[in-house]
Amino acid sequence: MPKGSIVCVDDERSVLISLRDQLASYLGDDYEIELAESGEEALEIFEELVEDEIPIPVIICDQIMPEMSGDQLLIKLHANYPQTLKIMLTGQADAQAIGNVVNKANLYRYLTKPWDKTDLRMTVHEAIRRYFQELQLTTQAEALHQSESRLRAIFDTVMEGIVTTDPQGIIESFNPAASHIFGYDVAEMIGKNIGMLLPFDYPNQLSDHTGQKKVASIKKELLGRHQDGHSIPLEISLSEIKAENLWLYTGIISDITERKQAQLEQVKLAAIELELATAKQIQQTLLPPANPNWANLDVICCNLPAHAVGGDFYAYHQFELPIGLLNQQSYGSYALAIGDVSGKGTPAALLMAVSLAWFQATMRQELSPSELLEYLDQALIPYSRRNRQNCALVYVEINQVTTAKTVQTKVRFANAGCIPPYIKRKNGVVEQSELGGFALGQGLGMEIGYQEESLALSPGDTLILVSDGVVEANNHAREMLGFDSFRKIIERCPIANAQTVLECLKQELFAFSGDAEQHDDMTIVVVRI
């Protein structure tokens, strides 16, 4: 069953037929290609597809058409179908028309006629991936918003009092439930000593006589003091936290007969925040050093996560020399990879750790690049299938033999859904493979297999691997950097050494993005021969 439909709109039938044939050649049966020769026909097609609940990831539209121009059509569609990504493919379009689509319809990409087949393929491929990724993120965001709303509603109606003090027992926060329990207004208690309410110096219960804090919590039953003087039977759970080098003490207070689940939710929330901070530290230690310090190759790696934890990683490995070459210092065999796990945050970070571990373990086996990807595809299925995740990965194997007169460097690589490697030759010419493949952890690559490519590199050539977060970097205008712009950046960057190339790429990326929020992890590996 098709995953969705791609809608193509142009008043020239020959253009539509060409688009349909090219799209079908690499999308196969995964998507239906709908053709419309006018804006009105396109609107009718959208209504029918939406009524049948068929996803429409992408629309490709001409600008100059009778009755309804392309920008008018895309703006109308955006009002009702904002999630569909809009691509304008035209030979004639003025700046005003393009500006209208960018500002009012969130134009994804502008392509000129005649178009480049590879550019069209990669643009549509990335648009489809982005459509379903954003659809997933929207669903997750709605679930998170509902969860936050529920937590806020619980906090506002919880019957337990929550009181926080500094080490001297001075109250810093006092919730409405505590106000109800003790009879004091919230504002009235801020800055007062906890001793007014509890005949119990609980900060000292959480520290020893040397002033060192204990990792502890205390639960006590005691009598509190109401504003009118009468005693209240209470249960208080005490804990300590450290925020900005300051120890704070939190008491969760309730009548013994009124225990609410909200108290447990609060404790769980604090535990999740602590676990997230710990996960960030652990994940950083999983990645190898940025520079492997290989004698024959100049390599530098960079990982820039968008959030506390992310799904990108890089990895490398130096193979042991074959027995017959143990005494030849001029021989070297190396492997490098970039991985990009689908999704964001903790789920992506967990699959990233598993993927990296499997990759490192697989290096001990004598597998070709294609065999290695097939093996990893199968190995990751138990971890990825339940959450419908996957891991895109590009793998590069470099074999180098140095003689007295020449340096022979051969590269083999295979691709599992990542951006193919860029090659910048010594003369400044930038090349890029078109080799693709299915992401790992879906079982598709294992069934169909992965193709390999090989090429020769010369001294002074540079190999660049990047994750899609680099090419998809956005600025404040929500414009995407794109493949063309990134290729031009590579062309401009000097190639004195790997570090120089990396710093140039980062500088150009930051200059484009400015202070816009980073939405995806970025990983870069530079290898200079």
Side-chain angles (χ1 to χ4, degrees), residues 126 129-130 132-134 136-137 140 144 272-290 292 299-317 335-364 369 372-396 414-419 421 437-446 450 465-473 518-525:
E126 288 301 316
R129 188 197 64 79
R130 179 172 173 178
F132 285 106
Q133 183 181 67
E134 290 183 352
Q136 181 183 24
L137 290 176
Q140 293 174 345
L144 180 60
I272 290 173
E273 292 175 349
L274 179 60
E275 290 172 2
L276 184 60
T278 304
K280 179 180 180 180
Q281 296 176 353
I282 293 174
Q283 187 178 43
Q284 291 300 313
T285 63
L286 294 178
L287 294 175
V299 180
I300 191 69
C301 307
C302 176
N303 174 256
L304 303 172
H307 304 288
V309 290
D312 272 17
F313 65 90
Y314 62 82
Y316 50 74
H317 178 80
L336 303 107
I338 275 185
D340 182 0
V341 172
S342 62
K344 299 286 189 299
T346 304
L350 293 174
L351 185 56
M352 167 266 182
V354 172
S355 301
L356 181 57
W358 270 105
F359 176 84
Q360 293 168 337
T362 307
M363 289 295 97
R364 302 187 184 97
L372 182 140
L373 294 189
E374 291 175 18
Y375 182 87
L376 290 177
D377 182 40
Q378 183 177 15
L380 293 181
I381 288 176
Y383 309 96
S384 61
R385 178 161 289 176
R386 176 175 296 180
N387 295 323
R388 298 182 180 179
Q389 292 177 282
N390 61 70
C391 176
L393 186 140
V394 58
Y395 173 79
V396 176
N415 191 8
C418 241
I419 295 177
F438 292 102
L440 306 176
Q442 302 177 102
L444 299 174
M446 178 183 60
Y450 292 93
L465 307 178
V466 296
S467 64
D468 60 6
V470 174
V471 177
E472 294 179 359
Q518 181 182 340
H519 293 287
D520 198 4
D521 306 327
M522 298 182 184
T523 302
I524 304 172
V525 173

Inset, instruction - May I ask you to check whether over 12 heavy atoms, not counting those of Gln518, lie within 6.0 Å of atom CD? - result: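 More than 12 heavy atoms, drawn from other residues, nucleotides or ligands, come within 6.0 Å of this atom.
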Which heavy atom in [X] sits nearest to a heavy atom in [Y], and how many Å separate them?
X: Glu472; Y: Asp520; answer: OE1-OD2, 4.4 Å
X: Met522; Y: Val470; answer: CB-CG2, 3.9 Å
X: Phe438; Y: Tyr450; answer: O-OH, 2.8 Å
X: Ala349; Y: Val309; answer: CB-CB, 3.7 Å
X: Gly441; Y: Ser384; answer: O-OG, 2.6 Å

Under a 4.5 Å cut-off applied to non-hydrogen side-chain atoms, are [X] and [Y] in contact?
X: Leu440; Y: Ser355; value: no
X: Leu380; Y: Val354; value: yes
X: Phe313; Y: Leu393; value: yes

Inset, instruction - Evaluate the side chain to side chain contact (heavy atoms under 4.5 Å, CB included) criterion for residues Gln360 and Leu286: first the C-alpha distance (whole Å), next the side-chain angles of each, then the deciding distance (0.1 Å), finally the verdict. - result: CA-CA 11 Å; Gln360 293 168 337; Leu286 294 178; over 6 Å; no
Legend entry - ring pair (Phe, Tyr, Trp, His ring centres under 6.0 Å) involving His317 - partner list, sequence neighbours excluded: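 Per chain and number, His317 pairs via ring pair (Phe, Tyr, Trp, His ring centres under 6.0 Å) with Phe319.
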Give, for atom [atom1] of [X] and atom [atom2] of [Y], the distance between the pair rounded to the nearest 0.5 Å.
X: Asp521; Y: Met352; atom1: CG; atom2: CE; result: 9.5 Å
X: Leu304; Y: Asp312; atom1: CG; atom2: CG; result: 9.5 Å
X: Leu287; Y: Leu356; atom1: CG; atom2: CG; result: 6.5 Å

Inset, instruction - Given side-chain hydrogen bond (donor to acceptor under 3.5 Å, both in side chains), test Ser467 with Asp340 step by step and report yes or no. - result: CA-CA 6 Å; Ser467 64; Asp340 182 0; 5.0 Å; no
[X] (side chain) donor-acceptor with [Y] (main chain) under 3.5 angstrom:
X: Ser342; Y: Asn390; answer: yes
X: Tyr316; Y: Ala290; answer: no
X: Tyr314; Y: Pro288; answer: yes
X: Gln389; Y: Leu351; answer: no
X: Asp377; Y: Gly445; answer: yes

Inset, instruction - List the steps, then state whether side chain to side chain contact (heavy atoms under 4.5 Å, CB included) holds for Cys301 with Val299. - result: CA-CA 7 Å; Cys301 307; Val299 180; 4.2 Å; yes
Inset, instruction - Would you mind telling me which of Thr362, Ile338, Leu372 makes a side-chain contact (heavy atoms from CB on, under 4.5 Å) with Tyr395? - result: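 Of all the options given, the one that passes is Leu372.
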Inset, instruction - Evaluate side chain to side chain contact (heavy atoms under 4.5 Å, CB included) for Phe359 paired with Leu376, printing each intermediate quantity in order. - result: CA-CA 7 Å; Phe359 176 84; Leu376 290 177; 4.2 Å; yes
Inset, instruction - Step by step, work out the salt bridge (charged side-chain N to carboxylate O under 4.0 Å, His left out) result for Glu134 and Arg130. - result: CA-CA 6 Å; Glu134 290 183 352; Arg130 179 172 173 178; 2.8 Å; yes
Inset, instruction - Verify side chain to side chain contact (heavy atoms under 4.5 Å, CB included) between Met446 and Ile381, making sure each step is shown before the conclusion. - result: CA-CA 10 Å; Met446 178 183 60; Ile381 288 176; 4.2 Å; yes
